[in-house]
Amino acid sequence: MLRLLVVASVAHAGKQDRSFAQISIDGPVDAPQPKGSALDQEIQALDALIKTQQRKLAALGALRKAGAAPPDDDEGTCAALREASRELACGSNERRRREAPKDVDDVLVMRGEIAASSIYEVLPFRTRARPSPQPMRRKRGHQQTRAPRYDYVNILCVVAPDGKATFHESGGAVVAELDLGQRNVKTLAFDGGDQPLLATANDDGVRIHNLTLWRGERVIAGRRPRYVYDEEAPPPPIPEPSTRTASGLGLVIGREVDLAPLPMRVATKKGLVERPSPPKLVTVFPWRSVGAHIAILDEGDRFILWTRNGTQRGSLNLTASSLTRAGSTFAAASENVVRFVSAGRWQIMSVECRGPPSPVSDVVFDPLRPELVHVAYESGAILTFRKPPVYDYDDVVSERQCRLAGKLPQTPHVSSVKLAVVRGFLISSSSTHIAVHNTSSSSPEHYYLVGAKAVAPKKARDLRATVVSGMYAPEVVLAV
């Protein structure tokens, strides 16, 4: 059973508060929230603040009265001072800010369940819509630059063993269905930039698909196909979605190119024999502003860079059990070591993150601070390393190693852990627990456990989440 969860951040006073999330167990995302609930909370918080200030005012008045008391009224003065001190002490302990979440259910909002028994991935489409601008605080002598902001639409892709792919919106409605023509798909990779691409991989190779997302009669992600019109022949029709959801979402999927696995030499009783090396890990990413590229790590430990049209641009030897990317840097985990690959130069950097002797089970970059790398181990521990800058890796290796920034506190895991990151939160999953840590602090020493939930024992659960580094995402989807 595949559960679709949402991590929702609540905006407060024009500023995003990542330490609080609403609690809701309802159906689709577009279901109306109870009216007045948020307003009632704001009124209660304001009322508590007013009462605190009134008590403080009364205590300060008592202090002024005690200070103006006659010298012979020692007993009254001492009593007034004691009462004022008690009032000030009680007032100082009042919570003047919104309480942090206390449990996993305060952060993860159930949106529904989708039956699935195979591979799934959250596809964040970057749309052409822009969110409304928010006011900026300007400091004297400091000019703040406004980062690019985009709206995103999340689509959940589920691929069955027979090769049928079903695309769901975050409320669970089916947006599109497609027969990939690939059985036993092992992994999915997606890039939702200007030209969204989806890569599906099995033992026969990698297949690339382009995706165009519609809302109503408009294309909100992807590009409309352009044709060279003939004056004598009528223009061909523009492909539109065959089905649409209640919210108007539709998806057009086109097949582009197949990347066949490269041969590798395998030792047999008859000697060395060349056999295809199937892909193991796949990722799609924009490379040097020249369009999307596909990076494939095959079973022969070759990390190969392909262009969108099927041209090989680079190859290097790399051993890895998990692979993730942030910007132009890949993090590859092997045994208890995390190594880094530069996508710009396509070479392995001389930087390693070494932890305990336990093998690494997963590794992710922090969306708010990409220099921080969260590493999970099969022993259940989760460590945070600080990666050195991208430049000058080959000069002084001893000064360019990863430094341990901290260890996540109160982790309930005792077995292999899978990770997912969103802005301000780190979600971890093992065979027995799902835990949420708040990582919005600038220092890993101040990370804290929001809550943990025990689940039915099974193998380590795969986590898929919306990760949009440094940009605005109105909704964050977590699938487990």
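If you read the sequence from its start, that first residue is 1, and numbering goes on from there.
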Would Ser415 and Ser431 satisfy side-chain hydrogen bond (donor to acceptor under 3.5 Å, both in side chains), going step by step from the backbone distance to the final call?
-> CA-CA 7 Å; Ser415 59; Ser431 59; 3.1 Å; yes

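- Listed here is the closest heavy atom pair of Val158 and His168: CG2-CD2, 4.2 Å.
- A donor-acceptor contact shorter than 3.5 Å links the side chain of Ser321 to the backbone of Ala333.
- Judged by distance alone, with hydrogens and angles left aside, the side-chain atoms of Asn202 form a donor-acceptor pair with the main-chain N or O of Arg183 at under 3.5 Å.
- Under 4.0 Å is where a charged nitrogen must lie from a carboxylate oxygen, and between Asp204 and Arg207 no such pair does.
- Closest of all the heavy-atom pairs between Lys387 and Phe365 is CE-CE2, 4.0 Å.
- At least one side-chain heavy atom of Leu251 sits under 4.5 Å from a side-chain heavy atom of Leu211.
- Heavy atoms only, all atoms of each residue included: Pro412 and Ala435 are closest at CD-CB, 3.9 Å.
- Using modelled atom types, no side-chain atom of Asn154 and backbone atom of Ser170 make a donor-acceptor pair closer than 3.5 Å.
- Around CD of Gln312, the count of heavy atoms belonging to other residues, nucleotides or ligands within 6.0 Å exceeds 12.
- Between Phe330 and Phe303, the ring-plane angle classifies as perpendicular under the 30° and 60° cut-offs.
- Not one N or O on the side chain of His433 forms a donor-acceptor pair closer than 3.5 Å with the backbone of Thr411.
- Thr187 places no side-chain N or O within donor-acceptor distance of the main-chain N or O of Leu281, the cut-off being under 3.5 Å.
- By the 30° and 60° cut-offs, the orientation of the rings of Trp346 relative to Phe285 is parallel.
- The two residues Glu169 and Ser247 make their nearest non-hydrogen contact at OE1-OG, 3.0 Å.
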Given Ile220 and Trp214, is the side chain to side chain contact (heavy atoms under 4.5 Å, CB included) satisfied, shown in steps?
-> CA-CA 6 Å; Ile220 61 174; Trp214 292 63; over 6 Å; no

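- In this structure, Ser430 contributes its side chain and His413 its backbone to no donor-acceptor pair below 3.5 Å.
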Go through the steps to decide whether Lys280 and Asp301 satisfy the test salt bridge (charged side-chain N to carboxylate O under 4.0 Å, His left out), and finish with yes or no.
-> CA-CA 9 Å; Lys280 181 170 57 174; Asp301 294 334; 3.7 Å; yes

Determine, step by step, whether Ile208 and Leu197 satisfy the side chain to side chain contact (heavy atoms under 4.5 Å, CB included) criterion, reporting the C-alpha distance in whole Å, the side-chain angles of both residues, the deciding distance to 0.1 Å, and the verdict.
-> CA-CA 7 Å; Ile208 309 300; Leu197 287 183; 4.1 Å; yes

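- Here the side chain of Arg325 pairs a donor or acceptor atom with the backbone of Gly327 at under 3.5 angstrom.
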Assess whether side-chain hydrogen bond (donor to acceptor under 3.5 Å, both in side chains) is satisfied between Thr307 and His293, documenting all intermediate values.
-> CA-CA 5 Å; Thr307 62; His293 280 59; 5.6 Å; no

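- In terms of modelled atom types and a separation under 3.5 Å, the side chain of Ser277 and the main chain of Gly300 share a donor-acceptor contact.
- The neighbour count for Glu335 CD, taken as heavy atoms of other residues, nucleotides or ligands under 6.0 Å away, does not exceed 12.
- In terms of modelled atom types and a separation under 3.5 Å, the side chain of Arg423 and the main chain of Pro367 share no donor-acceptor contact.
- For the residue pair Ile294 and Arg308, the shortest heavy atom distance occurs at CD1-CA, 4.1 Å.
- In summary, Arg339 and Glu352 engage in a salt bridge, as defined by a charged side-chain N under 4.0 Å from a carboxylate O.
- The backbone N or O of Val175 sits less than 3.5 Å from a side-chain atom of Thr243, completing a donor-acceptor pair.
- Closest of all the heavy-atom pairs between Val417 and Asp362 is O-CB, 3.7 Å.
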